[in-house]
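Counting convention: from 1, in listed order, for ligands and their atoms alike. One is the number of the first residue; the rest follow in order along the sequence.
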Amino acid sequence: MKAFDFSIEEGIANLCFDLEYTSVNILSFDVLRSLDKKLDELKEIEGVKLLKFTSAKEGIFIAGADISDIQGLKDEQRAYELVREGQRILSKISTLPFPTLVVINGACLGGGFELALCCDYRLVTQSPKTKIGLPEVNLGILPGFGGTQRLKRLTGLSKALELILAGKILNGKKAEKLGLVDACVPQGYLEFKEKSFIEQILKSPVRKKKRVGSLLDQYLPKLVFYYARKKVMQKTKGKYPAALAILDLFEKTQDKDVNASLEDEARAFSKLSITQTSKNLIGLFYSAEALKKEKGVKRKVNPISINIISVVGGGVMGSGIVFLFSKIDKLVRMKLRRYTQAGEAINSILKVYKGFIKRHRLTKNEVENKLAHISYTTGFNGFSQVELSIEAIVENQEAKQELYSELEKVMDNKAIIASNTSSLSISILSEKMRHPERFIGMHFFNPVARMPLVEIIPGKKTSDKTIVTAVALAKEAGRTPIVVGDCAGFLVNRILIPYINESIRMFEEGEDFEKIDKLISDFGMPMGPFVLADEVGLDVGYKVSKVLEDTYGQRMKISGILDKVYHQMQLLGKKAGKGFYLHKGQKREVNEEVKALVFSKRSFDEKEIIDRAILIMVNEAALCLEESIVANAQYLDMAMVMGTGFPPFRGGLLKYADSLGIQSVVVSLQSLSQQQGERFEPAKLLLDMAKNGETFYKEG
Ligand code: NAI
């Protein structure tokens with residue numbers, strides 16, 4: 001396959017990446033081998049004054065190494081040989097007898113940036129598509145083509161560690177500021193700037209500022225490693241081997257030169273590349289890529305372009321949704337019950353924006369501009385202009401239905417109405433509407449500013465146009481929409497609530513809830529189920545659980561303890577300072593009053609706790625697949641990772657089931673169902689899969 005075009009004009013050689021039959025350039029081993037040949041040929045050509053690397057692809061230099069090459073690696077020695085070969089080829093660039101320049105006007109990530117790091121000069125554009133970085137850690141590996149070593153020499157130790165450990169992606173300006181590139185120029189001037197940059201290089205080599213890193217980098221690198229390790233452990237609890245391997249590698253190669261360090265880098269890379277963690281993370285990457293391409297319906301329907309949005313309800317979710325759409329510069333009209341609610345809403349929106357200013361992601365002016373997109377009303381004035389209205393009022397069917405009938409009266413008859421309900425049926429909610437075809441569920445997660453998932457729930461009568469519009473709008477807001485079926489709890493809450501119920505039952509049977517929380521958090525969930533229940537709010541959790549109990553019956557029966565905690569003790573969780581825990585700021589301690597509700601004590605073994613809490617989710621997930629609530633196991637896993645923080649290193653809930661073996665999952669569920677009752681009876685899908693020796697994922 002042809003990977004690039006080559007030309008020479010007045011001594012300037014141009015190697016222009018333009019991989020055949022695709023819109024992106026990637027650095028597969030085949031591409032590397034043809035580059036190898038070309039570099040050898042180049043050495044023999046007389047009169048070459050400079051070699052420049054460019055790309056013919058719109059918005060892309062090189063998007064990265066070929067992930068399928070990495071996903072296919074199964075043998076450590078083979079991985080080592082391949083990565084050494086890649087290192088050898090790219091290192092050739094730095095030994096060419098003439099200067100080398102890379103011109104980056106688009107994504108230049110992973111292996112692509114490692115190639116750029118081998119060049120003498122890097123010129124980038126200010127285009128928003130220009131993205132520079134080494135994000136390998138997100139796939140459970142590390143940069144293996146010399147990136148760890150060459151980046152350190154440009155930025156100093158601390159910065160290189162920070163960038164590689166976080167897999168940070170920078171824009172052109174930021175990359176220039178940190179010394180990753182030599183110049184960042186406006187896209188429109190690229191041709192002109194490139195010419196003058198080359199003239200300057202040819203006249204006399206451009207002098208580069210020497211970066212030695214911070215004082216700590218120079219004199220106390222041990223301290224740099226100590227703090228970096230501490231941060232990694234806090235963030236990953238040691239569950240992501242790549243971050244630790246990166247730290248080990250940097251420590252080991254601290255006093256070595258680049259060439260001597262490459263061997264260590266290749267060894268570290270090859271070990272990581274065959275880990276299950278890496279395969280799991282790559283699997284999720286593929287699912288995310290597949291979701292990006294989803295439009296919401298199979299047939300080709302164009303979405304309506306939405307620019308004016310209204311949000312009804314100024315509570316936690318309403319404010320979050322207003323923030324989200326003001327951030328992407330939509331005009332947002334917020335309907336409140338009373339104007340006095342505006343203060344609280346604007347404060348919570350401002351708090352999120354301030355975080356953006358603090359992290360230098362937005363300037364004060366930009367935030368002011370975005371805030372100016374928001375207006376408030378207690379009535380419906382202005383609603384005739386609104387193209388899509390999102391309802392986020394109390395979780396009450398009658399109140400919502402009443403609101404929709406008012407909205408239908410005041411809104412244009414082409415406008416869409418979406419509900420953020422977390423549990424009520426979309427078809428039932430739309431029963432009394434004149435235009436149920438323009439009604440849909442758009443279920444955002446809390447906190448809206450941080451949670452990437454939006455469940456898109458078409459009702460029975462929702463039109464394809466409405467579905468594709470909701471999907472496109474969620475994508476425009478930088479979220480990942482997943483279309484799910486209209487059932488109580490939809491997908492994520494339907495699977496999550498049994499897990500919380502089951503954890504509470506174990507507490508009811510005598511286990512300490514803080515022990516359950518610890519074990520579940522060690523399993524990899526971002527927090528244990530009791531901390532989560534407190535965070536969400538016991539009132540919110542109870543109401544959703546009640547809808548699920550009413551729909552699914554015994555299988556989702558709310559435990560007596562939750563009833564007592566919410567109804568008798570009237571605890572609300574973190575927002576009121578008291579729930580399963582007593583919350584003081586960021587600190588929490590066990591609420592002994594709740595503990596005292598259980599008289600008998602019984603200690604479960606770890607496996608039983610994990611099996612009861614997690615396998616009950618696996619079983620519900622299998623039922624969801626059986627009922628086609630979601631298109632496939634991959635999307636279900638992505639929804640659980642994005643909606644609940646199910647540990648990505650495990651690859652998702654059903655990937656976890658695969659890792660246990662479906663046969664073994666069925667045996668555990670059957671034994672639990674004998675002890676605990678029918679809620680553990682294995683789903684038919686699991687029984688069939690066990691019988692046929694199947695797994696949810698084909699391989700890896
Ligand atoms: P909230 O109680 O914080 O806010 C509800 C707001 O709606 C209140 O400000 C109330 O004054 C207002 N409101 C009630 N009736 C109204 C009406 N007719 N017109 C205008 N405003 C009205 O509730 P929250 O948590 O924001 O939930 C809103 C919706 O989002 C619910 O359907 C809930 O199930 C759903 N949801 C909640 C999540 C959460 O974690 N809190 C997550 C995802 C969805």
Atoms in ligand 1 flagged as close to His443, the criterion being non-hydrogen separation under 4.0 Å: 43 (C), 44 (C)
Asn420-ligand 1 polar pair, N/O distance under 3.5 Å: yes
For atom 10 (C) of ligand 1, closest protein heavy-atom neighbour: Gln341 NE2, 4.0 Å
Phe439 six-ring face occupied by Lys461 cation (under 6.0 Å, within 45°): no
Ligand 1 N/O within reach of Glu391 N/O, cut-off under 3.5 Å: no
Any non-hydrogen protein atom less than 4.0 Å away from atom 23 (O) of ligand 1: no
Ion pair check, Arg494 and Glu620, cut-off under 4.0 Å: yes
Numbered atoms of ligand 1 (with element) below 4.0 Å of Thr421, judged on heavy atoms: 32 (O)
Side-chain atoms of residues 521-535: list all donor-acceptor pairs with protein atoms under 3.5 Å, sequence neighbours left out, distances to 0.1 Å.
unit_1: Ser521; atom_1: OG; unit_2: Lys237; atom_2: NZ; d: 3.2
unit_1: Asp522; atom_1: OD2; unit_2: Lys518; atom_2: NZ; d: 2.7
unit_1: Asp534; atom_1: OD1; unit_2: Phe580; atom_2: N; d: 3.0
unit_1: Asp534; atom_1: OD2; unit_2: Phe580; atom_2: N; d: 3.1
unit_1: Asp534; atom_1: OD2; unit_2: Tyr581; atom_2: N; d: 2.9
unit_1: Asp534; atom_1: OD2; unit_2: His583; atom_2: NE2; d: 2.8
unit_1: Glu535; atom_1: OE2; unit_2: Lys574; atom_2: NZ; d: 3.2

Heavy-atom protein contact below 4.0 Å for atom 2 (O) of ligand 1: no
N/O separation below 3.5 Å, Val316 to ligand 1: yes
Ser422 N/O under 3.5 Å from ligand 1 N/O: yes
Euclidean distance, Asn420 CG relative to Glu391 CD, rounded to 0.5 Å: 7.5 Å
Nearest-contact summary for atom 5 (C) of ligand 1 - protein heavy atom, Å: Ala392 O, 3.9 Å
Intermediate values then yes/no, side chain to side chain donor-acceptor pair (under 3.5 Å), Tyr499 and Thr644: CA-CA 11 Å; Tyr499 148 86; Thr644 73; over 6 Å; no
Contacts of Lys364 that satisfy salt bridge (charged side-chain N to carboxylate O under 4.0 Å, His left out) - sequence neighbours left out: none
Thr466 vs Ser463, side chain to side chain donor-acceptor pair (under 3.5 Å): CA-CA, chis, key distance, verdict: CA-CA 5 Å; Thr466 304; Ser463 68; 2.8 Å; yes
Structural part of Phe445 in contact with ligand 1, heavy atom criterion under 4.0 angstrom: neither
Part of Lys543 with heavy atoms under 4.0 Å of ligand 1, whether side chain, backbone, both or neither: neither
Separation of Met617 CE from Ile497 CD1 (nearest 0.5 Å): 11.5 Å
Heavy atom of Arg338, distance to ligand 1 below 4.0 Å: no
Minimum-distance protein heavy atom relative to atom 21 (N) of ligand 1: Arg337 CG, 3.4 Å
Distance-only side-chain donor-acceptor flag, Glu437 / Thr462, under 3.5 Å: no
Close approach of Ala399 to ligand 1, heavy atoms, under 4.0 angstrom: no
Contact check, side chains of Pro648 and Leu281, non-hydrogen atoms, under 4.5 Å: yes
Closest protein heavy atom to atom 26 (O) of ligand 1, given as residue, atom name and distance to 0.1 Å: Met317 N, 2.9 Å
For atom 32 (O) of ligand 1, closest protein heavy-atom neighbour: Glu395 OE1, 2.5 Å
Identity of the nearest option to atom 29 (C) of ligand 1, non-hydrogen atoms only, from Val312, Ile393, Val448, Thr378: Ile393
Nearest non-hydrogen protein atom, atom 12 (C) of ligand 1: Gly313 CA, 4.2 Å
Atom 4 (O) of ligand 1: nearest protein contact (heavy atom, Å): Gly315 CA, 3.2 Å
Atom pair CD/CG of Gln570 and Asp539 - distance to nearest 0.5 Å: 11.0 Å
For ligand 1, the portion of Lys400 having any non-hydrogen atom under 4.0 Å away: side chain
Side chains of Asp637 and Tyr697, donor plus acceptor under 3.5 Å: yes
Cation-pi geometry met for Arg505 and Phe507 (6.0 Å, 45°): no
